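In this text the structure is predicted, and so the values were computed from the model without any measurement.
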Amino acid sequence: MPKSLRMALAVLVGLIAADAAPAATQSTTFSVTATVLGSCSVSAGTLAFGSYTPTAGSSTDASSTVNVVCTNGTDYTVALDGGSTANNVAAREMNDAASHTLSYEIYKDSARATVWGDGTGASVTQSGTGGGATQSFTAYGRVPAAQFVTAGNYADTVTVTVSY
C-alpha cells in the first residue's frame, strides 16, 4: 500500500476514533413535590313534590339526591339550612309569589323520622370520608297533609354546605 494511502487511512481512522470518544458528562438530581389539599365538591338535584292536594288526606312525599366528592381520607359533614323562605330547619316553608307559605320538611331517613339540617335543635347532619368517588345521600322530603293554602306554585331554596 502506498505511503500516501496509508497516511490518509490513518487520518481517517483517527477522525473516526475522535468522534467515537465519549465527551465528559455530569449529572445531578432534582426533587419533585406536590401538596394534595383536602377538598370536596357538592351537587344536588331538585326536591320536586309535584302537585299537592290538601283534601287528599295524606302527606306528599318526594326525594332528591345530594352528591359529594372529596379527596381520599377527607372527613366531611353535609348540612342543609332552613331554606330561604323561613330560614328555620325545624319549620321549613315554601312560598308563592304573594308570600303565602306551604310547610315541608327534609329528612335523613326514608321513615322521615330524623330531620336533616345543620345540627341545631333536633336536626342532624350527614357525614362521610372521601374516597375520590361520588358519595350519594338521599334527601327525603314531605309536605304534611291538610294544608289549606292558596292555590299556586310554591318554591324554596335550600343551601347545602359541606364542611371538611
Side-chain angles (χ1 to χ4, degrees), residues 25-164:
T25 62
Q26 287 189 350
S27 63
T28 189
T29 61
F30 63 93
S31 298
V32 178
T33 64
T35 301
V36 177
L37 302 176
S39 65
C40 296
S41 64
V42 63
S43 64
T46 300
L47 179 58
F49 289 104
S51 297
Y52 173 73
T53 306
T55 58
S58 61
S59 299
T60 300
D61 292 343
S63 64
S64 179
T65 303
V66 175
N67 296 307
V68 179
V69 179
C70 293
T71 52
N72 289 341
T74 301
D75 294 328
Y76 64 88
T77 58
V78 183
L80 305 181
D81 76 357
S84 60
T85 301
N87 195 22
N88 185 345
V89 172
R92 289 183 170 110
E93 295 176 331
M94 295 177 265
N95 66 357
D96 65 1
S99 297
H100 299 108
T101 60
L102 177 65
S103 297
Y104 74 99
E105 194 51 84
I106 302 172
Y107 300 91
K108 176 180 174 176
D109 57 320
S110 61
R112 291 170 172 79
T114 305
V115 174
W116 185 357
D118 56 10
T120 60
S123 75
V124 298
T125 59
Q126 299 274 14
S127 61
T129 300
T134 300
Q135 296 175 326
S136 297
F137 300 94
T138 302
Y140 298 94
R142 173 168 284 166
V143 176
Q147 294 185 68
F148 292 92
V149 298
T150 303
N153 295 315
Y154 289 75
D156 193 22
T157 302
V158 174
T159 300
V160 181
T161 302
V162 176
S163 301
Y164 55 94

Colleague: side-chain contact (heavy atoms from CB on, under 4.5 Å) between Glu93 and Asp156: does it pass, once the steps are laid out?
Modeller: CA-CA 7 Å; Glu93 295 176 331; Asp156 193 22; 6.0 Å; no
Colleague: Nearest 0.5 Å, what's the CD-OG distance between Gln147 and Ser59?
Modeller: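 Between atom CD of Gln147 and atom OG of Ser59 there are 8.5 Å.
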Colleague: Going through the checks in order, is the side-chain contact (heavy atoms from CB on, under 4.5 Å) test met by Val78 and Val68?
Modeller: CA-CA 9 Å; Val78 183; Val68 179; 3.7 Å; yes
Colleague: Between Thr125 and Ala79, which heavy-atom pair has the shortest distance, and what is it?
Modeller: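 Looks like CG2-CB, 3.9 Å.
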Colleague: Answer whether the closest heavy-atom distance between the side chains of Leu80 and Gln126 falls below 4.5 Å.
Modeller: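 Not touching, per the 4.5 Å side-chain cut-off.
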Colleague: Got a sec, which pairs hit side chain to side chain donor-acceptor pair (under 3.5 Å) with one end in residues 33-58, sequence neighbours left out?
Modeller: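 Listed by first then second residue: nothing to list.
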Colleague: Which heavy atom in Ala44 sits nearest to a heavy atom in Val160, and how many Å separate them?
Modeller: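 For Ala44 versus Val160, the nearest heavy atoms are CB-CG2, 4.3 Å.
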Colleague: Heavy-atom count check: over 12 atoms from other residues, nucleotides or ligands less than 6.0 Å from Phe148 CZ?
Modeller: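 Enclosed: over 12 neighbouring heavy atoms sit under 6.0 Å from CZ of Phe148.
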Colleague: How many angstroms lie between CG in Asp96 and OG1 in Thr150, if you round to the nearest 0.5 Å?
Modeller: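 Going from the CG atom of Asp96 to the OG1 atom of Thr150 covers 6.5 Å.
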Colleague: Before giving the answer on side-chain contact (heavy atoms from CB on, under 4.5 Å), spell out for Tyr154 and Val149 the whole-Å C-alpha distance, their side-chain angles and the decisive distance to 0.1 Å.
Modeller: CA-CA 10 Å; Tyr154 289 75; Val149 298; 3.6 Å; yes
Colleague: Can you tell me if Asn72 uses its side chain to pair, donor with acceptor, with the backbone of Gly132 under 3.5 Å?
Modeller: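 Yes, Asn72 side chain to Gly132 backbone: donor-acceptor pair under 3.5 Å.
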Colleague: As an exercise, state the distance from OG of Ser63 to OH of Tyr140, rounded to the nearest 0.5 Å.
Modeller: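 With rounding to 0.5 Å, OG (Ser63) is 7.0 Å from OH (Tyr140).
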Colleague: Would Asp61 and Arg112 count as a salt bridge (Lys or Arg N to Asp or Glu O under 4.0 Å) here? Give the steps.
Modeller: CA-CA 9 Å; Asp61 292 343; Arg112 291 170 172 79; 3.6 Å; yes
Colleague: Distance check, rounded to the nearest 0.5 Å: Met94 atom CE versus Asn153 atom CG?
Modeller: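 Atom-to-atom, Met94:CE and Asn153:CG are 11.0 Å apart.
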Colleague: Applying side-chain contact (heavy atoms from CB on, under 4.5 Å) to Arg142 and Tyr104, what does each step give before you reach the verdict?
Modeller: CA-CA 6 Å; Arg142 173 168 284 166; Tyr104 74 99; over 6 Å; no
Colleague: Got a donor-acceptor contact below 3.5 angstrom from the Ser64 side chain to the Gly45 backbone?
Modeller: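 A pair under 3.5 Å: yes.
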Colleague: Do you know the tightest heavy-atom contact between Asp109 and Thr114?
Modeller: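 Answer, listing the atom of Asp109 first, then Thr114: OD1-N, 2.9 Å.
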Colleague: Restricting to non-hydrogen atoms, name the atom on Thr159 and the atom on Asp81 that form the minimum distance, rounded to 0.1 Å.
Modeller: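 For Thr159 versus Asp81, the nearest heavy atoms are N-OD1, 2.9 Å.
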Colleague: Counting only N and O atoms by type, is there a donor-acceptor contact under 3.5 Å from the side chain of Thr74 to the main-chain atoms of Cys70?
Modeller: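 Pair absent, no side-chain N/O of Thr74 close to backbone of Cys70.
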Colleague: Which heavy atom of Phe49 sits nearest to which heavy atom of Ala62, and what is that distance?
Modeller: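 Closest heavy-atom pair between Phe49 and Ala62: CD2-CB, 3.7 Å.
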Colleague: Going by heavy atoms in the side chains, are Ser103 and Val143 under 4.5 Å from each other?
Modeller: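 No, every pair of side-chain atoms sits at 4.5 Å or beyond.
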Colleague: Between the side chains of Thr134 and Asn67, does any donor sit under 3.5 Å from an acceptor?
Modeller: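 The answer is no; no qualifying pair exists.
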Colleague: I'd like to know if the side chain of Tyr76 pairs up with that of Gln135 as donor and acceptor (distance under 3.5 Å, no hydrogens or angles considered).
Modeller: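 Yes, Gln135 and Tyr76 have a side-chain donor paired with an acceptor closer than 3.5 Å.
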Colleague: For Asn95 and Thr101, which I'm curious about, is there any donor-acceptor pair between the side chains at under 3.5 Å?
Modeller: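 Asn95 vs Thr101: no donor-acceptor pair found between side chains.
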Colleague: Can you see which heavy atom on Ala91 is nearest to which on Ala86, and at what distance?
Modeller: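 That closest heavy-atom pairing would be O-CB, 3.4 Å.
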Colleague: Just wondering, do Ile106 and Val115 contact through their side chains at under 4.5 Å, heavy atoms?
Modeller: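 In short, these two side chains do not touch, never coming nearer than 4.5 Å.
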Colleague: Answer whether the closest heavy-atom distance between the side chains of Val158 and Trp116 falls below 4.5 Å.
Modeller: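 No; the side chains remain at least 4.5 Å from each other.
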Colleague: Check whether Glu105 reaches the backbone of Gly141 with its side chain - one donor and one acceptor, N or O, closer than 3.5 Å.
Modeller: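 Not a single qualifying donor-acceptor pair exists.
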